Amino acid sequence: MWDKVKPEELNENVFSLINEDWMLVAASKDGKTNAMTASWGGMGILWGKRVAFVFVRPQRYTKTFMDRAETFSLSVFPEELRGMMNYMGTVSGRDEDKIAASGLHVEMVNSAPVFKESRMVMVCRKLYAQPMEEACFIDKALIDANYKEKDFHTMYVVEIEKILVQDR
């Protein structure tokens with residue numbers, strides 16, 4: 001079902017993956033999984049490791065799962081599941097079991113939740129987390145454009161431990 005791909009063999013445009021395809025960020029705690037849609041982030045090399053950069057606002061329910069977990073996943077889905085991705089980004093897991101409502105099926109890989117319906121999954125291990133701070137913005141126009149509520153993201157730097165692609 002899943003084929004493992006080395007990060008250096010990934011033949012995907014990172015800008016398209018994150019900005020256009022979007023991804024689900026998913027983490028589990030106490031036997032429960034939550035996920036949210038994300039379209040901000042990046043990938044590269046840091047500290048000699050293949051990493052992803054993930055940004056999550058403090059009010060997101062998924063953040064409580066991410067903060068308690070050592071690992072989480074970044075999942076990319078086929079275009080025909082765009083409606084599900086939109087739903088996962090607009091409904092809170094505090095209010096309903098949106099994973100069940102969306103029809104997604106979860107399996108665990110390296111203690112991270114993975115969705116069977118995804119076309120690609122990155123299993124990630126947290127290395128670093130830091131809340132963004134208003135004083136650190138050099139381009140102050142970004143604050144007014146993106147943070148009217150001053151709800152600055154937390155930046156997570158995660159090591160990409162495993163990339164899985166569907167054998168379809």
Side-chain angles (χ1 to χ4, degrees), residues 1-7 9-10 12 14 16-44 46 49-131 153-168:
M1 177 175 185
W2 293 105
D3 288 330
K4 188 174 176 181
V5 175
K6 294 179 182 177
E9 295 173 352
L10 183 64
E12 297 269 357
V14 174
S16 295
L17 274 179
I18 297 167
N19 187 51
E20 296 167 19
D21 294 352
W22 305 341
M23 59 187 163
L24 279 189
V25 179
S28 294
K29 67 171 185 162
D30 302 327
K32 185 174 178 186
T33 298
N34 200 62
M36 60 172 250
T37 302
S39 62
W40 287 13
M43 289 186 242
L46 184 64
K49 299 178 181 291
R50 290 160 183 85
V51 299
F53 308 95
V54 181
F55 298 83
V56 180
R57 291 191 192 264
Q59 65 267 38
R60 296 301 300 256
Y61 185 52
T62 302
K63 184 178 183 310
T64 64
F65 288 73
M66 294 170 67
D67 287 344
R68 293 183 186 171
E70 182 179 329
T71 60
F72 60 83
S73 66
L74 306 174
S75 297
V76 180
F77 292 83
E79 183 59 33
E80 59 265 20
L81 294 178
R82 175 69 62 170
M84 175 276 300
M85 295 290 289
N86 189 52
Y87 168 78
M88 295 295 283
T90 56
V91 173
S92 175
R94 283 187 189 98
D95 302 326
E96 62 183 75
D97 183 349
K98 62 184 185 177
I99 292 174
S102 69
L104 292 174
H105 300 89
V106 178
E107 61 183 78
M108 301 302 285
V109 175
N110 292 21
S111 301
V114 170
F115 299 102
K116 293 180 183 180
E117 295 79 7
S118 58
R119 68 176 184 82
M120 182 178 72
V121 176
M122 288 174 262
V123 176
C124 303
R125 183 176 58 85
K126 290 188 309 189
L127 300 174
Y128 181 84
Q130 180 171 349
H153 288 87
T154 294
M155 177 187 66
Y156 297 87
V157 178
V158 297
E159 181 175 11
I160 300 170
E161 291 189 323
K162 190 178 287 190
I163 298 177
L164 304 170
V165 295
Q166 283 285 6
D167 180 22
R168 296 182 189 214

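Since the model is a prediction, treat every value here as computed from it, not as a measurement.
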Inset, instruction - Measure the shortest side-chain to side-chain distance between Lys4 and Leu164 over non-hydrogen atoms and say whether it is less than 4.5 angstrom. - result: yes
Legend entry - Thr64 side, atom OG1; Asn34 side, atom CG - distance, nearest 0.5 Å: 7.0 Å
Inset, instruction - Mind listing the closest non-hydrogen atom pair of Ser28 and Met108 along with its distance? - result: OG-CE, 3.7 Å
Legend entry - salt bridge (Lys or Arg N to Asp or Glu O under 4.0 Å) against Asp97, all qualifying residues, sequence neighbours excluded: none
Inset, instruction - Nearest 0.5 Å please: distance from the SG atom of Cys124 over to the CD atom of Glu159. - result: 9.0 Å
Listing, residues 84-94 side-chain donor-acceptor contacts under 3.5 Å, not counting sequence neighbours, or none:
from, atom 1, to, atom 2, distance (Å)
Tyr87, OH, Glu96, OE2, 2.2
Thr90, OG1, Asn86, O, 3.1
Thr90, OG1, Tyr87, O, 3.3
Ser92, OG, Arg94, N, 3.0
Arg94, NH1, Gln59, O, 3.1
Arg94, NH2, Gln59, O, 3.2

Legend entry - Validation row: Leu46, Leu127 side chains within 4.5 angstrom (heavy atoms): no
Legend entry - Validation row: Val51, Ile160 side chains within 4.5 angstrom (heavy atoms): no
Inset, instruction - Start with the C-alpha distance between Phe65 and Met36, add both sets of side-chain angles, then the distance that settles side chain to side chain contact (heavy atoms under 4.5 Å, CB included), and finish with yes or no. - result: CA-CA 11 Å; Phe65 288 73; Met36 60 172 250; over 6 Å; no
Legend entry - Whether over 12 other heavy atoms sit under 6.0 Å from Glu70 CD: no
Legend entry - Which atom of Ile99 lies closest to which atom of Ala35, heavy atoms considered: CD1-N, 4.3 Å
Legend entry - Side-chain heavy-atom pair Glu12, Arg119 within 4.5 angstrom cut-off: yes
Inset, instruction - Heavy atoms only: give me the nearest Ser75-Ser118 pair and the separation to one decimal. - result: CB-CB, 3.9 Å
Inset, instruction - Can you measure from CZ (Phe77) to CD (Gln166) and round to the nearest 0.5 angstrom? - result: 10.0 Å
Legend entry - Within-4.5 Å side-chain heavy-atom neighbours: Ile163 and Met120: yes
Inset, instruction - Report yes if some heavy atom in the side chain of Val106 is under 4.5 Å from a heavy atom in the side chain of Phe115; otherwise report no. - result: yes
Legend entry - Distance (rounded to the nearest 0.5 Å) between Arg60 CZ and Thr37 OG1: 7.0 Å
Inset, instruction - Measure from the side-chain N and O atoms of Ser73 to the backbone N and O of Val114, and report whether any donor-acceptor pair falls under 3.5 Å. - result: no
Inset, instruction - Of all the heavy-atom pairs spanning Val25 and Ala38, show the shortest one and how long it is. - result: CG2-CB, 3.8 Å
Inset, instruction - Specify whether His153 and Phe55 have parallel, tilted or perpendicular ring planes, treating 30° as the upper limit for parallel and 60° as the lower limit for perpendicular. - result: perpendicular
Inset, instruction - Any chance you could measure Ser39, atom OG, to Glu20, atom CD, to the nearest 0.5 Å? - result: 11.0 Å
Inset, instruction - Hey, could you give me the NZ/CG distance between Lys162 and Asn110, rounded to the nearest 0.5 Å? - result: 4.0 Å
Inset, instruction - Using a 4.5 Å cut-off on heavy atoms from C-beta on, say whether the side chain of Phe72 contacts that of Val54. - result: yes
Inset, instruction - Take Leu17 and Met43, measure what side chain to side chain contact (heavy atoms under 4.5 Å, CB included) needs, and give me the verdict at the end. - result: CA-CA 10 Å; Leu17 274 179; Met43 289 186 242; 4.0 Å; yes
Inset, instruction - Kindly say whether His105 contributes a backbone atom to a donor-acceptor pair with the side chain of Glu117 at under 3.5 angstrom? - result: yes
Legend entry - Val123 side chain near Val121 side chain, heavy-atom distance below 4.5 Å: yes
Inset, instruction - Please answer whether the main-chain N or O of Ala69 pairs with a side-chain N or O of Lys126 as donor and acceptor at a distance below 3.5 Å. - result: yes
